[in-house]
Amino acid sequence: MVEHLFRLVLMILFLTRLTHADWSTFEPVSELHDGTASWSAINADDTICVFVGEYDSHGSDTEMFSIIYKNNVWSEPTPLPIFSGETAICAGPDGRFHAILFDNQFYYIVTDEDGNWSEPEPLSWAATSDPSITVTTEGTIIASGIVGMGFNLVIKIQNDGNGWVNPEYVGTEGDSEEFTDLSIGLWGDAHLFWSADSTKPQIGKRIGHCHIHPDGSWDRYYYPNFTHLADVYAEVDHFDRVRIGYTKRIDEIETAYTAMIAVPGGSMTDEVCLSTNWTWPISSERALRVAVDPFDDLQTSWNRYYLLGEPGKTHCCVQYRELRFMADTVETELCQGDRFFPENILSDSHGNLHLFTNEWHFDKQQQSFHAMKTRDRPGTCLRLHPNTYHGNEPFDLHLELQNHTGSPFQADFYCCLEAYGRYYWYPGWTEEVSFQARVIPSNGVPEQSFLTFTVPDGLGELGPFTLYAAMVNPETGELIGDYSAVMFRFR
């Protein structure tokens, strides 16, 4: 009875945890256990699949299950065949979910059209930790992990639809390598990142980057960082630029950073220190997660450790910051606890955010949580899936005009096509700048088809092209909310 009462009190504390006004209350997706963790992914239909692992040190109540979040409703949990602390999950271009689980070796599972998980398929590679998985826009499944061989080395393997083939070491022999993260590019390629510590003092710590081409070939690059690296996470934005989040140490303080890699192997540019208003003392910032929303804004979350007076205990909170075009933003402290850190941040196709976190409470029990941030400002949202089109395929560009102000407003709607350095403007698609005057109702204009046609056969290789869309205040000429852009090509 006392134990159940204690759990109830803890649950109330969790549900009333400090949150910013823009975010919902953090609600648990797991029960209290000695250990919990969650892994999550979102597909093009805004369905979220979450893996939750729970275990107790005495061996009872150990289980792993998947749950689905769709239209603000959670499904009943589905047990998974393997309990795995080394896990990765992603969504493919067809909406199915793909995952890797570990039980003395790595196994691959995938959902069918009805959402049921396949039987585990063993992967014939040497990886033992730090898995990651992704599916390219052309349907190639790529997995990565770390092999321990006295030192650690990054390995990748891929599946083009005919089984898992071609395991390759892509790291540098002699480096001590940790962690892997895979993300997809726009044109059938993928990006694999890891952190590396060279045995050569003159090289030191650095970020490893393997750019995997559609034919399976790859190029390896390193981005030097002579201070410190932790986990490296990456997402590709709507202009095919890689946005990365990482931690580095400056003056003995570990701090969260983001940067951009516009061309693989080029310079890391637009580096931003995410912390703008920290309070001393800080011991470290880690576990930075990144997501790119439909408006090409970078959404970030990371954890911050504070020092406490009580020996052996630290105090931690989850931070959130949005890096927005032409906007000066600061971070927001969302929640606090003993060991509170983000497990993932996701954006749906409308710009609503989902944050998954984990807490090690002072009693050393753990629990995973979920909170949502509903988009709250106007925006012009283009949606196109996929990005590459062949002859006789349907092209269906969707448009959503978001309001979120509570009142109707007038706007000049602009849309233009950039093709080989020239611009063609809607509605006539001529090079003369034109727009469409519109009244945006208080609830906005829901997503609908905006430009549809069947791709003619025999076009050959054309593009890439870029479509831009925005709403402009007719009186001031200022941008209303966020604009968006999509790239596409013909093959």
Side-chain angles (χ1 to χ4, degrees), residues 88 126-134 142-157 167-185 189-213 217-237 240-275 283-290 298 300 302-303 323:
T128 56
S129 67
D130 297 308
S132 185
I133 188 169
T134 195
I142 302 175
S144 63
I146 296 292
V147 178
M149 300 167 56
F151 53 89
N152 295 322
L153 194 61
V154 176
I155 189 172
K156 78 169 183 72
I157 191 171
E168 294 182 278
Y169 292 101
V170 298
T172 297
E173 186 174 350
D175 278 9
S176 177
E177 298 172 338
E178 300 178 272
F179 184 76
T180 68
D181 183 64
L182 277 163
S183 56
I184 63 168
D189 57 336
H191 298 269
L192 168 59
F193 282 85
W194 65 93
S195 59
D197 189 358
S198 175
T199 56
K200 300 177 181 179
Q202 68 272 25
I203 296 179
K205 300 179 184 294
R206 51 188 180 167
I207 296 174
H209 175 200
C210 176
H211 183 209
I212 306 168
H213 304 287
S217 63
W218 50 273
D219 299 302
R220 181 179 61 222
Y221 309 102
Y222 284 101
Y223 307 96
N225 187 313
F226 295 101
T227 52
H228 181 76
L229 292 176
D231 300 346
V232 181
Y233 291 89
E235 288 286 332
V236 176
D237 67 16
D240 205 34
R241 303 170 302 191
V242 182
R243 313 290 292 274
I244 64 172
Y246 54 98
T247 301
K248 69 179 185 180
R249 178 179 292 158
I250 297 178
D251 296 330
E252 301 305 316
I253 300 297
E254 293 173 340
T255 308
Y257 275 78
T258 65
M260 182 171 67
I261 301 171
V263 179
S267 301
M268 282 173 47
T269 63
D270 299 84
E271 188 176 63
V272 175
C273 176
L274 291 175
S275 294
S283 60
S284 67
E285 292 183 332
R286 289 179 178 267
L288 175 61
R289 303 297 197 269
V290 297
L298 187 66
T300 68
W302 68 99
N303 79 327
L323 299 183

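Remark: D181 pairs with no residue by the side-chain hydrogen bond (donor to acceptor under 3.5 Å, both in side chains) rule, at least two apart or across chains. Listed by chain and number, the residues in a side-chain contact (heavy atoms from CB on, under 4.5 Å) with S267 are T269 (sequence neighbours excluded). R243 pairs by the salt bridge (charged side-chain N to carboxylate O under 4.0 Å, His left out) definition with D237, not counting sequence neighbours. Residues satisfying the side-chain contact (heavy atoms from CB on, under 4.5 Å) criterion with L323, sequence neighbours excluded, are T258, V272, L274, L298, R321, T329. Y222 meets the ring-ring contact (aromatic ring centres under 6.0 Å, His included) test with no other residue; sequence neighbours excluded. Residues forming a side-chain hydrogen bond (donor to acceptor under 3.5 Å, both in side chains) with D270 (at least two apart in sequence, or on another chain): none.
Distance check: I133 CD1 to I157 CD1 gives 10.5 Å after rounding to the nearest 0.5 Å. Atom NE2 in H211 sits 11.0 Å away from atom CD1 in I261 (nearest 0.5 Å). Here CG of L192 is found 9.0 Å from NZ of K156. Values are rounded to the nearest 0.5 Å. Rounded to the nearest 0.5 angstrom, K248 NZ and T255 OG1 are separated by 9.0 Å. Atoms OG1 and CG, from T247 and D231 in turn, are 7.5 Å apart once rounded to the nearest 0.5 Å. To the nearest 0.5 angstrom, C210 atom SG is 7.5 Å from D219 atom CG.
The minimum heavy-atom distance between G266 and Y223, with the atom names listed, is O-CE2, 3.1 Å. Taking both residues in full, the closest heavy atoms of V242 and A234 are given as CG1-CB, 3.9 Å, listed atom of the first, atom of the second, then distance. Shown here for I155 and A126, the closest heavy-atom pair between the two residues is CD1-N, 4.3 Å. When all heavy atoms of V290 and E235 are compared, the closest pair comes out as O-CG, 3.5 Å. Here the closest heavy-atom approach between residue M268 and residue A259 is recorded as CE-CB, 3.8 Å. Of all heavy-atom pairs between T180 and P131, the closest is OG1-C, 3.8 Å.
For the pair V154 and I146, the minimum side-chain heavy-atom distance is below 4.5 Å.
Checked options Y233, F193, W194; the residue passing with F179 is Y233 (criterion: ring pair (Phe, Tyr, Trp, His ring centres under 6.0 Å)).
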Verdict with reasoning, I244 to H209, per side chain to side chain contact (heavy atoms under 4.5 Å, CB included): CA-CA 11 Å; I244 64 172; H209 175 200; over 6 Å; no

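Counting only distance, with no hydrogens or angles, the side chain of T134 and the backbone of S183 share no donor-acceptor pair below 3.5 Å. Without hydrogens or angle criteria, S132 side chain to L182 main chain gives a donor-acceptor distance under 3.5 Å. A donor-acceptor pair is defined here as one N or O able to donate and one able to accept, closer than 3.5 Å; such a pair exists between the side chain of R220 and the backbone of V170. Checking side-chain atoms of E177 against main-chain N and O of T172 turns up a donor-acceptor pair under 3.5 Å.
Counted by atom type alone, Y246 and E271 present one or more donor-acceptor pairs between their side chains at under 3.5 Å.
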